[in-house]
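Here the structure is laid out as structure tokens; the discussion comes afterwards.
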Amino acid sequence: MSKLLPVRGTHDIIGEDFRLQNYVIKSALTVAETFGYEPIETPIFESTDVYQRTLGETSDIVNKEMYTFKDKGGDSLTLRPEGTAGIARAVISGGLQDNTPLKWYYSGPMFRHERPQKGRLRQFHQFGAELIGVADPAADVEVISMATEFLRNLGLLSEVKLQLNTLGDFQSRKTYRESLINYFSDFKDNLSEESQVRLTRNPLRILDSKDSNDKEIVSGAPSFHNFLTPEADSFFKNMCSGLDNLGIEYLSNPYLVRGLDYYCHTTFEFISDKLGAQGTLLAGGRYDGLIPMMGGQSIPGVGWAAGIERICMLTQMPTEEPRAICVIGLGEPGEKEAAKIALRLRRSKFKVDLIYKGGLKRGLRRANKIGAVAAILLGENELTNNNVTVRNLDNGSQTEVSLSELDSHLAVYESAKLVAE
RNA sequence: GUGGCUGUAGCUCAGUUGGUUAGAGCGCCUGAUUGUGGUUCAGGAGGCCGUGGGUUCAAAUCCCAUCAGCCACCCCA
């Protein structure tokens, strides 16, 4: 029982788990590159107000989930809880507002002080894409198309459903909000405790309540559809027909509400039912108000973020790791020679595990344990003859070959080579 | 922040209505093999029973607190 544990909600990612995570991230950025997007990395912490002002005073992220601290200069800083706000800040900081459209992708850790559960950590990883400066629904379509290709390449498209909604423009949302408050106020005493709080804070939230009684009340609530301005309505219709044009399947869910204040018009989530309560793998939407809210010019944007850990839970690695060749030297002269041979094989892209000390038995045991294909043995006998012994660990056969013939002899172990990138 | 379940060896877990030296499997180490792994056999190490308090002649077992893990609510990727 070790007393030294990782901080709550964080964990170490080791070996195969880490490879899988790298694989998922790599396939995401490959897709993003094929869409012509550029990589960007913003700092892991920002001034607190970057998040405070933009994510919404009523959002849980701002209210209770931010890792905020004062640095030695007394400035209030916050570990980033999401990626979009930092990127909007970068647009303004870099004076990039005249360079639109900006097409960016990013990946890295995010931090939220939440109670951990399945699919939810305090430090987790996201990959995201943003398309900034295009007001046309074609931008929404492109970004959703990229997300679809990403999930398709991982073999997850059949595992998820794309849900879609519109939050309309500012005007639509304002009138709808008022009518919701009106409607729900009549049922106030029947609503769940949580929804009563939502009624004053964020009435749209009541729409996706999980409470069964709430759901019944919600079913009679006014539909957002009737409150959309003609502009917002046609924006949504255009976007849907853009998705149809690309053969992207989706489900319209009028109760899909995003948590962050900066969203407008399109919102979407790719949801799996195999991950317990936290089934959203990837989610995003349009945030036309964000950059002006931060004091920049009025530039629209649309994007999404994917939860790497959640996606990893559903993803299989398509290829197996190459099996190593173990190089075992006996005695000091043998070890020196072994180090040289290991380097030589590594330069030929073999995956090589060099064994230190401990004799032949221990060396072979280690070779077996790591699942090596072969072992190369170097003792006194081999050294005096300028040879090495190559032992096949699957069938136990071994032959002594001269150093000059080693490469051709190892040709049968091609599978131990790492594939060039 | 709220609730439910769970904390016993490195790992997965047994442990009877409270009763003497707390067990198994896997893993680890040593030997059978002084230069041959994976199989087999023989032996060995490893536990403040999450932590602190309480009840009792006696606590891994009952009670309280606390910490941690998991799952759910909330919320979100």
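Reminder, nothing fancy here: chain letters follow the sequence lines and each chain counts from 1. Everything numeric here is computed off the predicted structure, so don't read it as measured data.
- Counted by atom type alone, A:Asp169 and A:Ser172 present one or more donor-acceptor pairs between their side chains at under 3.5 Å.
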Requested in this report: Could you provide the dot-bracket string of RNA chain B, using ( ) for intrastrand pairs, [ ] for crossing pairs and | for bases paired to another strand, with Watson-Crick or G-U pairs below 3.5 Å?
Outcome: (((((((..((((.....[...)))).(((((.......))))).....(((((..]....))))))))))))....
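- For the pair A:Pro116 and A:Thr280, nearest-nucleotide mapping onto RNA chain B gives the more 5' position to A:Pro116.
- At a cut-off of 3.5 angstrom, counting only N and O atoms as typed in the model, there is no donor on one side facing an acceptor on the other between the side-chain of A:Asp394 and the base of B:G38.
- The OG1 atom of A:Thr315 sits 9.0 Å away from the CD atom of A:Glu159 when rounded to the nearest 0.5 Å.
- Residue-level contact check: A:Lys361 touches the bases, meaning some heavy atom is under 4.0 Å from a base atom.
- Comment: A:Arg286 engages A:Asp288 in a salt bridge, judged by a side-chain N to carboxylate O separation of less than 4.0 angstrom.
- With P as the reference atom, B:A65 and B:G27 are 42 Å apart, rounded to whole Å.
- Residue A:Met110 contributes atom CE, which lies 13 Å from atom C1' of B:C76 at whole-angstrom precision.
- With distances taken from any side-chain atom of A:Arg391 to the nucleotides B:A77, B:G37, B:G35, the minimum falls on B:G37.
- One can place CG of A:Leu275 at 13 Å from C1' of B:C76, the figure rounded to the nearest angstrom.
- For the C1' atoms, the distance from B:C71 to B:U8 is 22 Å, rounded to whole Å.
- Each of B:A77, B:C71, B:C75 was ranked by its minimum atom distance to the side chain of A:Gln117; first place goes to B:C71.
- Note that CD1 of A:Ile132 and CD1 of A:Ile87 are 6.5 Å apart. Values are rounded to the nearest 0.5 Å.
- A donor-acceptor contact closer than 3.5 angstrom links the side chains of A:Glu33 and A:Tyr105.
- Atom CD1 in A:Ile370 sits about 15 Å away from atom P in B:G38, given to the nearest Å.
- Using a 4.0 Å cut-off between charged nitrogen and carboxylate oxygen, A:Arg19 and A:Glu321 count as a salt-bridge pair.
- For the pair A:Arg366 and B:C28, the criterion of a side-chain N or O lying under 4.0 Å from OP1 or OP2 is not met.
- Take the nearest nucleotide of RNA chain B for A:Pro6 and for A:Arg310: the residue whose nucleotide is more 5' is A:Pro6.
- Here B:A72 is the nucleotide among B:G35, B:C74, B:A72 with the atom lying nearest to any side-chain atom of A:Lys118.
- B:C70 atom P lies 8 Å from atom CZ of A:Arg8, rounded to whole Å.
- Across all strands, A:Glu269 comes closer than 4.0 Å to no nucleic acid atom at all (heavy-atom distances).
- When the P atom of B:C73 is taken as reference, atom NZ of A:Lys215 falls 11 Å away, rounded to whole Å.
- For A:Asn368 and B:G38, a side-chain-to-base donor-acceptor distance below 3.5 Å is absent, hydrogens and geometry of angles not being considered.
- Using a 4.0 Å heavy-atom cutoff across all strands shown, A:Gly396 reaches at least one base atom of the nucleic acid.
- Heavy atoms of A:Leu377 sit under 4.0 angstrom from at least one base atom.
- In this structure, CZ of A:Arg365 is placed 10 Å from P of B:U39, rounded to the nearest angstrom.
- Ring pair A:Tyr413/A:Phe350: centre-to-centre distance not below 6.0 Å.
- If you check the side chains of A:Ser209 and A:Asp214, you find a donor sitting under 3.5 Å from an acceptor.
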Where do N or O atoms of nucleotides 1-6 of chain B meet protein N or O atoms at under 3.5 Å, pair by pair?
from, atom 1, to, atom 2, distance (Å)
B:U2, O4, A:Arg115, NH1, 2.6

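- Comparing B:C48 with B:G23, their P atoms sit 15 Å apart, to the nearest whole Å.
- Taking the C1' atoms as reference points, B:G47 lies 14 Å from B:G7, given to the whole Å.
- Nucleic acid contact for A:Glu309: none, since no nucleic acid atom lies under 4.0 Å from a heavy atom of the residue.
- Taking the C1' atoms as reference points, B:G19 lies 12 Å from B:U56, given to the whole Å.
- When each of B:A72, B:C75, B:G35 is scored by its nearest atom to the side-chain atoms of A:Ala277, the top-ranked nucleotide is B:A72.
- Among B:A68, B:C75, B:U30, the nucleotide with an atom closest to any side-chain atom of A:Glu65 is B:C75.
- Salt bridge annotation for A:Arg366-A:Asp353: present, with a cationic side-chain nitrogen under 4.0 angstrom from a carboxylate oxygen.
- Taking atom NZ of A:Lys369 as the reference point, atom C1' of B:C29 lies 12 Å away to the nearest angstrom.
- Looking at heavy-atom distances under 4.0 Å, A:Ala283 makes contact with sugar-phosphate atoms alone, never a base.
- For the P atom pair drawn from B:G52 and B:G15, the interatomic distance equals 25 Å after rounding to whole Å.
- Counting only heavy atoms from C-beta on, A:Leu393 has its side chain closest to B:G37 among B:G37, B:A68, B:C75.
- If you check B:U36, B:G69, B:G35 against the side chain of A:Glu382, the one that comes closest is B:G35.
- Among the heavy atoms of the strands, none lies under 4.0 Å from A:Ile355.
- Side-chain atoms of A:Ser107 and A:Gln126 form no donor-acceptor pair, as typed in the model, at a separation below 3.5 Å.
- Taking 4.0 angstrom as the limit, A:Arg205 places a side-chain polar atom (N or O) nearer than this to OP1 or OP2 of B:C76.
- When the C1' atom is compared between B:A24 and B:A9, the two are found 11 Å apart, to the nearest whole Å.
- The distance between atom CG of A:Leu282 and atom P of B:C76, rounded to the nearest whole Å, is 16 Å.
- Note: A:Tyr176 and A:Phe224 meet the aromatic proximity criterion, with ring centroids under 6.0 Å apart.
- Backbone-only engagement by A:Leu281 is indicated by non-hydrogen atom pairs under 4.0 Å involving sugar-phosphate atoms exclusively.
- The residues A:Glu46 and A:Arg80 are annotated as not salt-bridged, no charged nitrogen and carboxylate oxygen being separated by less than 4.0 angstrom.
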Query raised in the report: How far apart are the C-alpha atoms of A:Thr280 and A:Glu269, what are their side-chain angles, what is the distance that settles it, and do they pass the side-chain hydrogen bond (donor to acceptor under 3.5 Å, both in side chains) test?
Result: CA-CA 6 Å; A:Thr280 301; A:Glu269 291 190 16; 2.8 Å; yes
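- B:C11 and B:C28 have their C1' atoms separated by 11 Å, given to the nearest Å.
- Side-chain proximity of A:Leu5 to B:U36, B:A77, B:A68: nearest is B:A68.
- Note on A:Gly119: a base of the nucleic acid sits closer than 4.0 angstrom, heavy atoms only.
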